[in-house]
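Excluded from the calculations below are hydrogen atoms, water molecules and symmetry mates; all remaining heavy atoms, backbone and side chain alike, are included. First listed ligand is number 1; within each ligand, the first listed atom is number 1.
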Amino acid sequence: MAAIYNPRYETIAREELQQLQLERLQATINRCYKNVPFYRRRLEALGMEPEDFQSLDDLRQLPFTTKQDLRDSYPYDLVALPLREVVRFHLSSGTTGSPTVIAYTANDLAHWTELVARNLVAGEITREDVVQIFFGYGLFSGGFGLHQGAEAIGASVLPVSEAELPQQVKIMQDFRSTALIGMPSYALAIAEAMEAAGVDANSLSLRVGLFGAEPWSEERRQAIEERLHIRAYDIYGLSEMGGPGVSGECPERCGLHLAEDHYLVEVVDPATGEPLPEGEEGELVFTTLTKEALPLLRYRSGDLSALDSAPCACGRTVARMRRVCCRTDDMVIIHGINVFPADVATVLASFPEVSEHFQLVVEQVGVLDELEVRVELAPQFFSDTIRGLEGLEQEIADKIRANLGVGVAVKLVEPKTIERSIGKAKRVLDLRDKE
Ligand code: DLL
């Protein structure tokens, strides 16, 4: 049987797991009630006290926590402890205008490290591996999160971060990397750079890869496996739950095992918010069970998936979630950065030369995704030609990069050329090959 990092919890009996979840949920609600005014107000509005939560189902009486709630509380309002207890922060990728903050105590970091270590072991990584990590190290949780987990299992870690592609290839060759960890699209870009440099995958020592932080299809998995000669595993997480480490595939590859001893996961109908029966696809809603610095109750992830709590052939008993391929909102992930059209709109609003009509066009150029922002000129700034406006396009692109952290191409178009839709504007035009 394949290795399991923490059999005590990864193969726990469901009944015992639910008892543990309830105890941890009660402690979490207590902490929220005592230390986070936002949650205290919510419980008070419902006339509830922490003692009223006697079963896991009682949690459903609480309203959801949303991304907007997190943004409104930027930077410290949801932090449940004095700052002297906090040892690390990360920020959600994307927006710097009003990003969401993650805070960790020393215990939170230790848990996070362990959960990532579980994913790594599930994905066949061992202390014999030379692990090349090309997630960004910085405010984004990917690099540090995977790094800590890989060190915890005793692997030899190369924190290459977002180095240029030729350097990634050189390091792979020189250090005889056996495992790659990063974004799936970047893995393909590395494969392309490798092929362009005339490097044969057979001459490398690669064996396995763990990829995530953006949706990727089975076809993409196959392309990565064939071009890099590795077995590729999916890992999933979100900043609000601490980053990576929330779930990951095992060699059976029939869903991603959730760390259910640390997260209570619900699947709800995105339209009504009502819980759905197991197996049905809906929005994942997370409640943290062990977080000290930033406990969150019923956080709406926006990610669509379905759960299966049947034990897996690998021996793990924790539930598996189906790979995430879609979201409930119009967020797009470009080079690992989460972009919300509403944030682009905020930047555009600061330019009187353009109107509020815009569209984000996502295209696959080679193996990478590129984002173009098409925006209509304001009628009063439009003469029969839009030439001579390259300067303005660049200025807008620069401001979007400065505020959202993502590189885009801006294209000014004539007034009334972007399709108007009835109801909610269709802000994102996804031209990517859906494979
Ligand atoms: O992407 C954390 C992470 C780092 C996960 C490294 C895995 C590996 P955020 O930047 O907050 O955090 O983005 C979270 O990315 O809600 C999903 O929409 C998407 N996402 C993450 N992993 C996957 C995946 C990190 N394996 C958002 N498949 C999530 C599909 C994913 N989507």
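At under 3.5 Å, not a single nitrogen or oxygen of S301, backbone or side chain, sits near a nitrogen or oxygen of ligand 1. At least one N/O-N/O distance between I235 and ligand 1 falls below 3.5 Å. Below 3.5 Å of separation, one finds no N or O of F211 facing any N or O of ligand 1. For the pair R327 and ligand 1, the shortest N or O to N or O distance falls below 3.5 Å. Residue S141 places no N or O, backbone or side chain, under 3.5 Å from any N or O of ligand 1.
K67 has its side chain out of reach of D329: every pair of non-hydrogen atoms, C-beta onward, lies at least 4.5 Å apart. Counting heavy atoms from C-beta on, the side chains of L56 and Q18 come closer than 4.5 Å. Put simply, the side chain of Q132 reaches to within 4.5 Å of the side chain of I171, judged on heavy atoms. Counting heavy atoms from C-beta outward, L22 and F53 have side chains that stay 4.5 Å or more apart. At a threshold of 4.5 Å between non-hydrogen side-chain atoms, the residues I235 and L146 count as touching. Two residues are said to be in side-chain contact when any heavy atoms from C-beta on lie closer than 4.5 Å; V86 and Y76 fail this criterion. Two residues are said to be in side-chain contact when any heavy atoms from C-beta on lie closer than 4.5 Å; L78 and F38 meet this criterion.
Under the salt bridge (charged side-chain N to carboxylate O under 4.0 Å, His left out) test applied with E218, the options R323, R253, R322 reduce to a single match, R323. Of the residues listed (E283, E266, E240), the one engaging R300 in a salt bridge (charged side-chain N to carboxylate O under 4.0 Å, His left out) is E283, and it is the only one.
For ligand 1, the atoms sitting less than 4.0 Å from at least one non-hydrogen atom of G142 are 4 (C), 6 (C), numbered in the order shown with element in parentheses. Remark: ligand 1 atoms within the under-4.0 Å shell around heavy atoms of S239 are 9 (P), 10 (O), 11 (O), 12 (O). Which parts of ligand 1 touch F135 is read off a 4.0 Å heavy-atom cut-off, strictly below it: atoms 6 (C), 8 (C). Those atoms of ligand 1 that come under 4.0 Å of a heavy atom in D303, given as number and element, are 16 (O), 17 (C), 18 (O), 29 (C). Near D234, the atoms of ligand 1 lying under 4.0 angstrom from a non-hydrogen atom of the residue are 24 (C), 26 (N).
Within the 4.0 Å heavy-atom cutoff, M331 counts among the residues contacting ligand 1.
Of all the listed residues (G237, G242, G212), G237 holds the heavy atom that lies closest to atom 5 (C) of ligand 1.
The aromatic rings of H90 and Y104 stand perpendicular to each other, their planes meeting at an angle above 60°, with 30° marking the opposite boundary.
The proximity of N338 to ligand 1, defined as any non-hydrogen pair under 4.0 Å, is limited to the side chain. Neither the backbone nor the side chain of S92 has any atom closer than 4.0 Å to an atom of ligand 1 (non-hydrogen atoms only). By the criterion of a heavy-atom distance under 4.0 Å, neither the backbone nor the side chain of L256 is placed next to ligand 1.
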